[in-house]
Amino acid sequence: MLELLLPPPVDPLWDLTEAFGADARPERLNLVLGVYRDHTGGTPVMAAVREAEIRLAQRSVSKEYRGLSGNTAFNRAMLSMVLGSGGASERAVAVQTVAGSGALRLLADLICRTRPGTTVWISDPAYVNHRPILEAAGLKVRTYGWLDSEGRSDAAGMLRDLAGARRDDVVLLQGCCHNPSGVDPDPRTWEALADLAALEGWVPFVDLAYHGLGDGLEADLAATRMLAERVPEMLIAVSCSKNFGLYSDRTGCAVVLGASRQSLRHVETALQNAARTLYSMPPEHGAAVVTAVLEDDGLRAAWRAELDAMRGRIEANRSDLAARLGALGWDTQAAALARQKGMFSMLPLSAEQMVRLRGEFAIYGTTAGRINIAGIPADRITCLARGIAGVLERTG
């Protein structure tokens with residue numbers, strides 16, 4: 001049987017990570033994976049998370065199964081955080097998932113079971129795992145434009161492409177801090193997307209992975225909340241990996257909004273059945289931690305303060321990198337970087353230039369040009385700017 005297995009495609013991010021691990025150069029810099037790192041290059045456990053873990057350990061009495069929907073208190077907390085105090089949460093159901101990727105796959109399975117062969121539209125460029133997850137679930141994928149020739153949000157192109165979305169198609173939108181570009185629509189464009197969805201009848205599918213790391217938690221959730229109030233049906237995949245630092249604890253949530261509470265009567269069971277065949281049920285630890293943080297006023301305030309500090313460091317890294325690149329004479333490229341937000345930025349480099357950046361300067365980003373702004377140690381920003389400028393100079 002195994003002799004019949006054709007060579008499968010390698011995961012591009014983890015392939016680069018392995019190459020980084022094999023690189024013996026001491027100055028090498030890994031900006032591939034999307035993890036937050038502090039000024040020393042380490043990925044710390046958030047203080048509020050650590051305190052929640054201590055409290056949970058002190059009162060832990062059982063590790064019994066939670067059930068197919070996971071931690072129900074966590075699900076309620078996620079609905080409250082994501083949808084806020086509006087009426088949308090009254091017509092929503094949530095189940096805990098294996099991180100944000102698990103939520104994406106679970107919701108993709110729900111789409112396919114509801115309407116096999118549905119077309120899902122994703123941005124171009126898109127998060128590297130969007131297409132594989134959707135196609136693995138049996139869905140068709142089309143793309144809509146995201147950036148103009150100067151690396152800005154292309155609202156006109158996006159709306160023009162999505163005018164081709166048919167009723168009951170699904171449009172995958174990243175709620176904030178777009179991965180990989182770092183470029184988000186402005187509020188007027190989000191309003192136009194909501195109008196188009198309501199008019200044409202396509203279903204928004206929001207991927208929330210970086211809320212709190214762009215403009216602040218409430219601002220980053222504003223577009224998702226607005227859509228939830230304006231459209232009859234909506235899907236949301238939520239990750240706690242980045243804003244709670246729970247990368248390896250795989251904590252996330254799948255949310256489905258219907259036109260009414262009655263329309264949701266079969267949704268939770270359908271999600272449970274899909275989860276049962278994929279992974280049975282999600283792990284408890286991360287969900288318990290998040291619930292403990294969000295349900296305690298002191299821990300929640302501490303978490304919000306630490307999240308704001310992380311956001312501030314990301315903003316400072318981006319501003320510093322843009323300033324240093326501008327000082328080296330690359331003002332246009334620096335301005336494009338400065339406009340971006342969130343953990344990631346797209347460098348103004350081709351795939352060939354990214355290979356040269358890796359080979360000549362030991363700086364690892366994706367071949368598409370994405371780097372993790374949150375992963376730059378404070379003392380390496382200058383060398384990163386010089387590496388980018390060096391590659392630009394030799395091909396400019």
Side-chain angles (χ1 to χ4, degrees), residues 46 48-49 52-53 56 66-108 110 173-177 204-214 216-229 233-247 249-258 261 264 267-272 274-275 279 281-297 299-301 303-304 306-307:
M46 297 179 76
V49 166
E53 289 180 316
L56 289 169
R66 276 287 193 168
L68 298 178
S69 290
N71 186 320
T72 55
F74 167 80
N75 295 334
R76 289 193 298 271
M78 286 293 99
L79 284 178
S80 177
M81 181 181 72
V82 170
L83 298 177
S85 57
S89 61
E90 298 301 316
R91 53 183 184 87
V93 65
V95 302
Q96 184 195 340
T97 60
V98 182
S101 294
L104 287 167
R105 178 56 192 266
L106 206 63
L107 291 169
L110 179 68
L173 300 158
Q174 296 187 46
C176 63
C177 306
F205 183 174
V206 179
D207 184 3
L208 275 178
Y210 313 103
H211 42 303
L213 297 175
L217 187 62
E218 299 301 316
D220 288 348
L221 290 170
T224 300
R225 292 174 178 176
M226 181 274 297
L227 282 170
E229 296 293 340
E233 294 185 344
M234 182 170 164
L235 311 172
I236 310 173
V238 188
S239 171
C240 297
S241 294
K242 308 303 189 296
N243 58 5
F244 282 89
L246 295 172
Y247 305 97
D249 284 321
R250 315 309 297 140
T251 307
C253 186
V255 177
V256 179
L257 286 87
R261 191 70 192 175
L264 298 171
V267 170
E268 185 169 6
T269 302
L271 291 172
Q272 289 174 338
Y279 52 78
M281 63 190 67
E284 162 67 6
H285 180 75
V289 168
V290 171
T291 305
V293 170
L294 294 180
E295 289 185 345
D296 182 277
D297 290 343
L299 288 181
R300 186 184 183 107
W303 167 67
R304 288 289 298 268
E306 194 165 1
L307 185 61

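Below, all heavy atoms of this structure are taken into account, side chains as well, without hydrogens, waters or symmetry copies.
- With sequence neighbours excluded, the residues satisfying side chain to side chain contact (heavy atoms under 4.5 Å, CB included) with R261 are L264.
- Between H211 and V238 there is a side-chain heavy-atom pair separated by less than 4.5 Å.
- Residues satisfying the ring-ring contact (aromatic ring centres under 6.0 Å, His included) test with F205, not counting sequence neighbours, are none.
- In this structure, L107 CG and L235 CG are separated by 5.5 Å, a value rounded to the nearest 0.5 Å.
- For the atom pair CG of L83 and CD of E90, the computed distance is 10.0 Å after rounding to the nearest 0.5 Å.
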Margin query: For a side-chain contact (heavy atoms from CB on, under 4.5 Å) check, start with the C-alpha distance between L110 and L106, then their side-chain angles and the critical distance, and finish with the verdict.
Written below: CA-CA 6 Å; L110 179 68; L106 206 63; over 6 Å; no
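- Annotation: the span from R250 atom CZ to C240 atom SG amounts to 11.0 Å, rounded to 0.5 Å.
- Residues V255 and M78 have side chains not in contact (no heavy-atom distance under 4.5 Å, counting atoms from C-beta outward).
- At distances below 3.5 Å, at least one donor-acceptor pair connects side-chain atoms of Q96 with backbone N or O atoms of N71.
- Contacts of R91 classified as side-chain hydrogen bond (donor to acceptor under 3.5 Å, both in side chains), with partners at least two apart in sequence or in another chain: none.
- The backbone N or O of C253 sits less than 3.5 Å from a side-chain atom of T97, completing a donor-acceptor pair.
- When the side chain to side chain contact (heavy atoms under 4.5 Å, CB included) test is applied to E233, the partners found at least two apart in sequence or on another chain are V203.
- Remark: S80 pairs with no residue by the side chain to side chain contact (heavy atoms under 4.5 Å, CB included) rule, at least two apart or across chains.
- Side-chain contact between L79 and N75 is absent, with no heavy atoms from C-beta onward closer than 4.5 Å.
- Residues T251 and V289 are not in side-chain contact: their nearest non-hydrogen atoms beyond the backbone lie 4.5 Å or more apart.
- Considering all non-hydrogen atoms of both residues, L173 and P204 come closest at CD1-CB, 4.4 Å.
- Note: R76 CZ to M81 CE = 15.0 Å, rounded to the nearest 0.5 Å.
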Margin query: What verdict does the side-chain contact (heavy atoms from CB on, under 4.5 Å) test give for V98 and R105, after you've listed the backbone C-alpha separation in whole Å, the side-chain angles of each residue and the deciding distance to 0.1 Å?
Written below: CA-CA 10 Å; V98 182; R105 178 56 192 266; over 6 Å; no
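- Contact between C177 and Q174 at its shortest, heavy atoms only, is O-OE1, 4.2 Å.
- The heavy-atom pair separating A92 from L257 by the smallest distance is CB-CG, 3.9 Å.
- Atoms CG and CD, from L246 and E53 in turn, are 7.5 Å apart once rounded to the nearest 0.5 Å.
- Distance alone, capped at 3.5 Å, places no donor-acceptor pair between the N243 side chain and the L213 backbone.
- Of all heavy-atom pairs between A237 and A103, the closest is CB-CB, 3.7 Å.
- For residues 281-297, the pairs satisfying salt bridge (charged side-chain N to carboxylate O under 4.0 Å, His left out) are R55-D296, R66-E284, with sequence neighbours left out.
- The two residues A209 and K242 come nearest to each other via the heavy atoms O-CG, 3.3 Å.
- We find the SG-CG distance between C176 and D207 to be 9.5 Å, quoted to the nearest 0.5 Å.
- Heavy-atom minimum distance, G84 versus S89: O-OG, 4.4 Å.
- Proximity of V290 to W303: side-chain heavy atoms (C-beta onward) are nowhere separated by under 4.5 Å.
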